[in-house]
2 protein chains.
Amino acid sequence: MSESTDLDPQCYCPTSGIIDLLSRKYAMQTLCAVGALEPVRYGELETAFGDVSSSTLSARLEDLTGAGLLEREQYDEIPPRVEYRLSDDGEELCERLEPVLAWVRERES
Amino acid sequence: MSESTDLDPQCYCPTSGIIDLLSRKYAMQTLCAVGALEPVRYGELETAFGDVSSSTLSARLEDLTGAGLLEREQYDEIPPRVEYRLSDDGEELCERLEPVLAWVRERES
DNA sequence: CGGTATCCAAAGTGATACTG
DNA sequence: CAGTATCACTTTGGATACCG
């Protein structure tokens, strides 16, 4: 009888700003790459991905930072240096996302 | 010295068919909704999401089925009945994806 | 019921060029 | 080094109409 106990339609978060954000290209990979490499610089990420365009990577970093998942620290040096790392929220999400990426990696290899 | 032990760039799966697939609208939610409701019919999913267009939901189900993550079974009855459920791979992925969606749900509520 | 076909609008992406 | 600006292009999504 208790068949529909946990089936509130809302539980599928049909619309979600964060999901939309994570659905953009390289978004999940960027979050997890920062988690793996932090503190990490822009150029390191560009190298790690290899074929991402600077405008796309830049947009993704801004998306994630704007959503409070990454923190960006800028050092006023010459040459300029910027470091990205996970925020507390970003770390929580990254922990949950990493198994997904690991599984995909495994399955596609 | 062993600083770059685990930093193979490939480990970020910069390009991935499955990630691209999961990045489409309602893809992650559809996979997990099937996991929660299986066996589930097309109409139930449409109801659960509420505002998804039939062409989009249809495309997503075909994507996921084509990727081997869902199984589609059609019964030749009147009226027609179709049931979706997770494949073994779909179940593995869903298990890993569910914590992500749960966290997002929690954070946005 | 469970879709598909078509067409159009919107969003996302990348190449290129340029900057503090 | 770490980006941004512009713009053309591709991909995706939704509305509508229709079908087995």
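Proteins get letters first, then strands, A, B, ... in listed order; numbering begins at 1 in each.
A straight line from CD of B:Glu77 to P of C:dG3 spans 14 Å, rounded to a whole angstrom. Per the geometry, CD1 belonging to A:Ile19 stands 19 Å off P belonging to C:dA11, to the nearest Å. Note: CG (A:Leu21) to P (C:dT13) measures 11 Å, nearest angstrom. Atom CD in B:Glu44 sits about 12 Å away from atom P in C:dC1, given to the nearest Å. If you take CG of B:Leu57 and P of C:dG3, they are 8 Å apart, rounded to a whole angstrom. What separates CD of B:Glu46 from C1' of C:dG2 is a distance of 9 Å, to the nearest Å.
A:Glu108 and B:Ser16 are linked by a side-chain donor-acceptor pair at a separation below 3.5 angstrom, with hydrogens and angles left out of the test.
Residues meeting the side chain to side chain contact (heavy atoms under 4.5 Å, CB included) test with A:Val82, sequence neighbours left out: A:Arg72, A:Gln74, A:Tyr84. Listed by chain and number, the residues in a side chain to side chain contact (heavy atoms under 4.5 Å, CB included) with A:Ser58 are A:Tyr42 (sequence neighbours excluded).
Both the sub-6.0 Å distance and the 45° axial angle are not jointly satisfied by A:Arg60 relative to the ring of A:Tyr26.
Between B:Arg60 and A:Ala59, the residue anchored closer to the 5' end of DNA chain D is A:Ala59, taking for each the nucleotide with the nearest heavy atom. Sequence order on DNA chain C of the closest nucleotides to B:Tyr84 and A:Thr56 puts B:Tyr84 first from the 5' end.
Reading DNA chain D from its 5' end, the first and the last nucleotide to sit under 4.0 Å from a heavy atom of chain A are D:dC1 to D:dA5.
Sorted pairs that involve residues 35-44 of chain B and meet salt bridge (Lys or Arg N to Asp or Glu O under 4.0 Å), not counting sequence neighbours, are lacking altogether.
The phosphate of C:dG12 (OP1 or OP2) has a side-chain N or O of A:Arg24 nearer than 4.0 angstrom. Contact check, B:Arg41 against C:dG2: a side-chain N or O comes under 4.0 Å of OP1 or OP2.
Annotation: proximity of residues 61-76 of chain A to DNA chain C (heavy atom, distance under 4.0 Å) is found for no residue.
Proximity of B:Val34 to B:Leu64: side-chain heavy atoms (C-beta onward) are nowhere separated by under 4.5 Å.
Residues A:Leu31 and A:Gly90 approach most closely at CD2-O, 4.2 Å, considering heavy atoms. Contact between B:Arg107 and A:Ile18 at its shortest, heavy atoms only, is NH1-CD1, 3.0 Å.
Ionic pairing of B:Glu83 and B:Arg81 is present here: one or more N-O contacts between side-chain nitrogen and carboxylate oxygen are shorter than 4.0 angstrom. Of the charged side-chain nitrogens involved, none lies within less than 4.0 Å of a carboxylate oxygen, so that B:Glu91 and B:Arg85 do not count as a salt-bridged pair.
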Close N/O contacts between protein and nucleotides 15-20 of chain C (under 3.5 Å):
unit_1	atom_1	unit_2	atom_2	d
C:dA15	N6	A:Ser55	OG	3.2

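Counting heavy-atom neighbours within 6.0 Å of B:Glu77 CD, excluding the residue itself, gives a total above 12.
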